[in-house]
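Counting starts at 1 for both ligands and their atoms, following the listed order.
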Amino acid sequence: MVLIKTHITSSSILEITISRPEALNALSSEVLNGLSKIIQEAYHDTTVKGIILTGEGEKAFVAGADIKELSELSKEQAFEMAQKGQTLFKMIEDSPKPVVAAINGFALGGGCELAMACHMRIATENAKFGQPEVNLGIIPGYGGTQRLAQLVGRGKALELILTGDLITAAEAKSLGLVNHVVANREELMTLATKIVTKIISKGPVAVAYAIKSVNAGFGFEDKGYHTEATLFADCTTTQDFKEGTSAFVEKRPANFTGK
Ligand code: CAA
C-alpha cells in the first residue's frame, strides 16, 4: 500500500501527500521512515526546488503519531521513536529548500509538530490544531513542547499542551501558528504553490542562508528536545499511559489515577 504519494509539478515543487486516510494519516513508523527517505532524496535532487507537505483527503493533515503502535512500545523504543521523529522534523526545519505545510484538516500531536517543523503553514478553515497527548497520559514527543512555545509563546503553548484543547484554523492564525487560512483544499494547494513559487524565484543561496540564520536563533542542541524525548519515554511506563491509549482504542473517556 502506498502510504506517501509524491508528485513533482512543472515548476519543480515536490508535493508530498501522507496517505493513510483510514487512520487520519497518522504517522506510523513506516510513514515516518518513508517520509525521512523522501525528504533526504529531495535535498539531493536538483530538480526539486521547494516542497509542499499535505495529507490525503478533506478530514486530516495528520492526526498524530499512530496511537495503536505507540501503545505497544517499551520505554527504550519510545525514546528511540521520539528521537527519530525529532531528527526528521529537524531535517525539515533545516531544509535549504522552502517547505510549506498545506494543512487540510486535523493537525494534532505529531501532525501539529510536523506542521510546525515546516517553514510556513497554510490551513483550510476546517483545520483543527492541538497537542492532545495529555488525553493519552503522555506528552508531545516530536518537538511540540519546543516549537509550539517558539511560535505562540510559552503561556499559550502551556495552555494548549496542558489542556489538550483543539483550536480552529482562525484561532491558530490569530496566535501566529498558521500564516494563512483559505476556504478549501483547492485554494490551499493554489496558495501553497503560489508562495513556494515566489520563494524559489529568489536567489537559492539567500533563501537557504535566511532559513539557516532564522533557525540559528533556536538551537537544536538545547536540552529541551532531549528532555522532551526522555520524559515522553518515561510516560510510557505509567499506568496512565496504558489507560489513556486503551481508552482511545476502546473509544471511551480515560480514568487517570496518577500512577
Ligand atoms: N493513531 C492511530 N489511529 C488514529 C489516530 C492516531 N493518532 N487518529 C485517528 N485514528 C483512527 C481512529 O482510531 C479511527 O480508526 P477506526 O475507524 O479503526 O476506529 C479512525 O482513525 C477515524 O478516527 P475517529 O473515529 O476517532 O474520528 P473522529 O472524527 O471521531 O475523531 C479525532 C477525530 C478527534 C482526530 C480523533 O481521531 C482523535 O482524537 N485522534 C487522536 C489524536 C491524538 O491524540 N493525537 C496525538 C497522538 S500521540 C502523538 O502524536 C505523540 C507525539 O507527539 C509523537
Side-chain angles (χ1 to χ4, degrees), residues 1 3 18-33 35-36 55-73 75 77-90 92 101 103-117 123-124 126-149 157 160-169 172 224-238 240-254 256:
M1 199 173 32
L3 297 174
I18 297 174
S19 181
R20 277 188 83 203
E22 71 290 351
L24 304 189
N25 304 324
L27 298 173
S28 60
S29 52
E30 208 179 339
V31 172
L32 219 53
N33 288 338
L35 189 56
S36 182
E56 182 86 46
E58 307 277 331
K59 189 167 175 181
F61 171 68
V62 168
D66 189 302
I67 296 169
K68 290 159 198 169
E69 204 178 273
L70 186 63
S71 67
E72 314 268 297
L73 298 183
K75 179 179 165 181
Q77 289 169 324
F79 182 74
E80 203 179 299
M81 175 189 141
Q83 284 210 315
K84 202 169 177 182
Q86 286 187 359
T87 302
L88 168 59
F89 290 9
K90 178 66 181 156
I92 292 171
I103 302 156
N104 52 305
F106 289 112
L108 307 180
C112 188
E113 292 170 302
L114 175 60
M116 291 192 291
T124 50
N126 70 316
K128 291 253 168 59
F129 295 79
Q131 296 291 157
E133 286 89 346
V134 281
N135 297 329
L136 303 166
I138 201 166
I139 64 167
Y142 292 161
T145 61
Q146 309 303 298
R147 292 194 181 93
L148 189 59
L160 292 173
I161 292 167
L162 298 182
T163 61
D165 282 350
L166 306 192
I167 56 170
T168 62
Y225 288 93
H226 189 263
T227 301
E228 180 189 88
T230 304
L231 298 180
F232 173 82
D234 285 349
C235 285
T236 62
T237 65
T238 65
D240 281 348
F241 171 70
K242 304 289 171 226
E243 167 61 11
T245 49
S246 303
F248 176 78
V249 172
E250 292 159 20
K251 300 186 187 286
R252 61 170 174 82
F256 294 120

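- Below 4.0 Å from some heavy atom of Pro140 lie the following atoms of ligand 1, by number and element: 53 (O).
- Near Pro132, with a cut-off below 4.0 Å to any heavy atom, the atoms of ligand 1 are 43 (C), 44 (O), 45 (N).
- Taking the charged nitrogens against the carboxylate oxygens, Glu30 and Arg20 have no contact shorter than 4.0 Å, which rules out a salt bridge.
- Taking 4.0 Å as the cut-off, Lys59 counts as a neighbour of ligand 1 on heavy-atom distance.
- Within the 4.0 Å heavy-atom criterion, the part of Leu136 lying near ligand 1 is the side chain and not the backbone.
- Residue Ile67 places at least one N or O, backbone or side chain, under 3.5 Å from an N or O of ligand 1.
- One finds the CG atom of Asp165 at 15.0 Å from the CZ atom of Phe129 (value rounded to the nearest 0.5 Å).
- Residue contact check for ligand 1: Lys251 places a non-hydrogen atom closer than 4.0 Å to it.
- Defined by atom type and a distance below 3.5 Å, a donor-acceptor pair is missing between the side-chain atoms of Lys59 and Asn104.
- By the criterion of a heavy-atom distance under 4.0 Å, the backbone of Glu22, and not its side chain, is placed next to ligand 1.
- When heavy-atom distances to ligand 1 are checked against a 4.0 Å cut-off, Ala26 comes that close only through its side chain, counted from C-beta outward.
- The closest donor-acceptor contact from the side chain of Glu113 to the backbone of Gly110 lies under 3.5 Å.
- Glu69 and Ser28 share no side-chain donor-acceptor pair at under 3.5 Å.
- In terms of polar-atom proximity, Ala65 is counted as a contact of ligand 1, with an N or O under 3.5 Å from an N or O of the ligand.
- Near Gly110, meaning under 4.0 Å from one of its heavy atoms, ligand 1 places the atoms 49 (C), 50 (O), 53 (O).
- Note that the OG1 atom of Thr163 and the CG atom of Asn135 stand 8.5 Å from one another [nearest 0.5 Å].
- For ligand 1, the atoms closer than 4.0 angstrom to any heavy atom of Gly64 are 50 (O).
- At a 4.0 Å heavy-atom cut-off, ligand 1 touches Glu133 through the side chain alone.
- The shortest contact between atom 23 (O) of ligand 1 and any protein heavy atom is with Leu24 CD1, 3.7 Å.
- For Ala117 against Phe89, the heavy-atom pair with the smallest separation is CB-O, 3.4 Å.
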### Task
Start with the C-alpha distance between Asn126 and Thr124, add both sets of side-chain angles, then the distance that settles side chain to side chain donor-acceptor pair (under 3.5 Å), and finish with yes or no.
CA-CA 5 Å; Asn126 70 316; Thr124 50; 2.5 Å; yes
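- Contact between Ala23 and ligand 1 is present, with at least one heavy atom of the residue lying under 4.0 Å from the ligand.
- Looking at Gln86 and Glu228, their side chains do bring a donor and an acceptor atom within 3.5 Å of each other.
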